[in-house]
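Reading through the structure tokens given below for one structure.
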Protein chains: 2
Amino acid sequence: MSEPQSIPNPPRRRAISKRALETRLNILDAAERLFAERGFDGASVRDIASAAGAQIASISFHHGGKEALFERVVERRASQLSQMRLDALAAVKTGGAEPALEAVLAAFLRPYLEKAASDPQWLAYARLVAMVSADARWHEISERCFDPTAGAFIAEIARLFPDADQTAIAVAFVFSVAAMLSLSTSKWRIEALSAASGNPADMNRLSDDLVRFCEAGMRAAINR
Amino acid sequence: MSEPQSIPNPPRRRAISKRALETRLNILDAAERLFAERGFDGASVRDIASAAGAQIASISFHHGGKEALFERVVERRASQLSQMRLDALAAVKTGGAEPALEAVLAAFLRPYLEKAASDPQWLAYARLVAMVSADARWHEISERCFDPTAGAFIAEIARLFPDADQTAIAVAFVFSVAAMLSLSTSKWRIEALSAASGNPADMNRLSDDLVRFCEAGMRAAINR
DNA sequence: GTCTATATGTAGATAGAC
DNA sequence: GTCTATCTACATATAGAC
């Protein structure tokens with residue numbers, strides 16, 4: 001993924017210098033931040049290069065242009081997050097008894113929530129995903145990066161509740177993902193709307209609230 | 001709202017020609033569609049003018065530039081939708097008994113759902129709202145156009161459940177709004193993820209599913 | 001691999017004729 | 001109010017020296 005023209009068994013290829021790898025990584029991180037803040041069209045490769053301390057030309061050189069860079073930014077974290085989620089799902093299923101609905105939903109939601117609570121780059125990534133999901137231009141990315149994992153979780157829930165309507169489960173799952181993403185895009189709004197209470201919206205509490213909310217909503221869909 | 005420099009009692013002002021009014025309206029409609037499809041930066045005033053059958057210069061003339069046009073597009077429908085929601089809330093409260101939680105949530109969600117089911121421009125508007133909510137650049141619009149109405153509904157729910165945590169209610173409300181908006185941005189995804197079932201995702205059914213999902217989630221937040 | 005210089009396109013805004 | 005023509009700025013991308 002990080003070597004454009006890599007070959008399964010390259011006969012002879014010079015190692016990439018440490019500095020070049022840093023440049024690539026700095027560009028990816030800066031792009032993630034700026035794309036998340038301003039959107040694909042609002043973030044220019046000039047600003048990204050500048051924020052990364054790199055040359056404008058290095059973006060085309062290392063990543064093959066703006067669009068390819070955007071896809072790499074999304075793919076990098078998506079594959080990591082998918083792995084964490086599927087691992088958590090597998091762990092939940094190793095116990096002898098049937099897993100509880102809450103455990104399955106938590107296996108999907110918690111890996112992201114834990115990352116987002118500790119690393120601002122993951123928060124930026126979620127804003128990016130919200131953009132990707134909302135923009136028809138990036139549907140292909142969604143299908144490739146997100147839908148397989150989402151499908152696995154929906155199938156598992158359907159297996160736990162054989163009598164439930166599968167479409168209703170998928171609908172509730174999409175609602176749950178939307179609620180999850182709103183934590184990164186609308187945290188400011190939660191704080192504004194609950195100003196009276198005074199609490200400054202602690203991330204751990206928000207995470208628990210999200211899992212409770214989604215589980216209750218999913219149960220309502222299953223018992224439809 | 002549609003007359004930039006209007007004065008409470010204008011001493012003498014020539015009436016705006018019918019054609020000019022049409023130009024203004026055509027621009028608003030085309031802008032709504034293109035902003036929703038491509039985002040603020042992705043939609044050019046050139047394309048908007050062209051889609052509206054108007055001149056590029058007419059956008060600055062009638063609406064005062066691209067940013068001002070964007071705000072007008074959002075404000076136009078936001079004020080209409082707020083009115084419908086507050087009317088529905090008032091209607092729910094006129095009955096002697098305390099309104100049910102479901103009725104309050106429905107008063108917020110149904111007006112939009114009914115519009116979106118019948119008018120593609122309202123679907124486009126929801127994509128726009130999803131953008132506005134996700135982009136820090138437009139927070140001021142959110143606070144001005146959306147938060148007052150949201151606050152009224154949160155206050156009503158808090159009044160119905162005096163022992164519930166107010167922050168938890170606000171959090172669940174934001175999750176509900178996110179789920180609602182996902183109907184416009186992720187309808188294609190619902191269809192992809194529930195392909196096995198075959199149902200082509202009828203909008204009326206999705207609306208019912210949404211209200212059920214949000215009510216169950218909100219109850220879980222209240223009983224926290 | 002990096003960096004300068006530049007090619008080529010398009011953006012938003014407006015002056016001034018009609 | 002409309003429309004043409006044009007201004008200025010900035011976009012992405014790349015060729016070629018180092």
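Quick caveat: nothing in here was measured; it's all calculated off a predicted structure. In what follows, chains are A, B, ... by sequence order, proteins preceding strands, each numbered from 1.
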Query raised in the report: Looking at C/dG1, does its base get a donor-acceptor pair with the side chain of A/Arg19 below 3.5 Å?
Result: no

Using a heavy-atom cut-off of under 4.0 Å over every strand shown, decide if [X] touches base, sugar-phosphate, or nothing.
X	value
B/Ala20	sugar-phosphate
A/Ala49	nothing
B/Ser58	nothing

**Report entry** Under-4.0 Å side-chain N/O to phosphate OP1/OP2 contact, B/Thr23 with D/dT2
**Finding:**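 So the side chain of B/Thr23 is within the cut-off, an N or O lying under 4.0 Å from OP1 or OP2 of D/dT2.
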
**Report entry** SB check A/Asp209 A/Arg205 (cutoff 4.0 Å)
**Finding:** yes

Query raised in the report: Would B/Arg33 and B/Glu37 pass as an ion pair if we require N to O under 4.0 Å?
Result: no

Output the rounded distance in Å from [atom1] ([X]) to [atom2] ([N]).
X	N	atom1	atom2	answer
A/Ile56	D/dG16	CD1	C1'	16 Å
A/Glu22	C/dT2	CD	C1'	15 Å
A/Asp41	D/dC10	CG	P	17 Å
A/Arg38	D/dC10	CZ	P	13 Å
B/His63	C/dT14	NE2	P	15 Å
B/Ile48	C/dA11	CD1	C1'	12 Å
A/Arg24	C/dG1	CZ	C1'	10 Å
B/Ile27	D/dG1	CD1	P	12 Å

Side chain of [X] - closest among [options]:
X	options	value
B/Ala57	C/dG12, D/dT4, C/dG1	D/dT4
A/Phe61	C/dT2, C/dG12, D/dG1	C/dT2
B/Gln55	D/dC3, C/dA13, C/dG1	D/dC3
A/His62	C/dG1, D/dT2, C/dG12	C/dG1
A/Ser17	C/dT14, C/dG12, C/dG1	C/dG1

Query raised in the report: Between A/Phe213 and B/Phe213, does the ring centroid distance fall short of 6.0 Å?
Result: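 Distance test on ring centres: under 6.0 Å, yes.
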
Query - Option from A/Ile169, A/Leu109, A/Leu86, A/Val177 for which side chain to side chain contact (heavy atoms under 4.5 Å, CB included) with A/Phe153 holds - result: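 Looking at A/Ile169, A/Leu109, A/Leu86, A/Val177, the match for A/Phe153 under the side chain to side chain contact (heavy atoms under 4.5 Å, CB included) is A/Leu86.
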
Query raised in the report: Where the side chain of B/Lys66 meets the backbone of B/Phe40, is there a donor-acceptor pair that is under 3.5 Å apart?
Result: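 Checked: pair present.
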
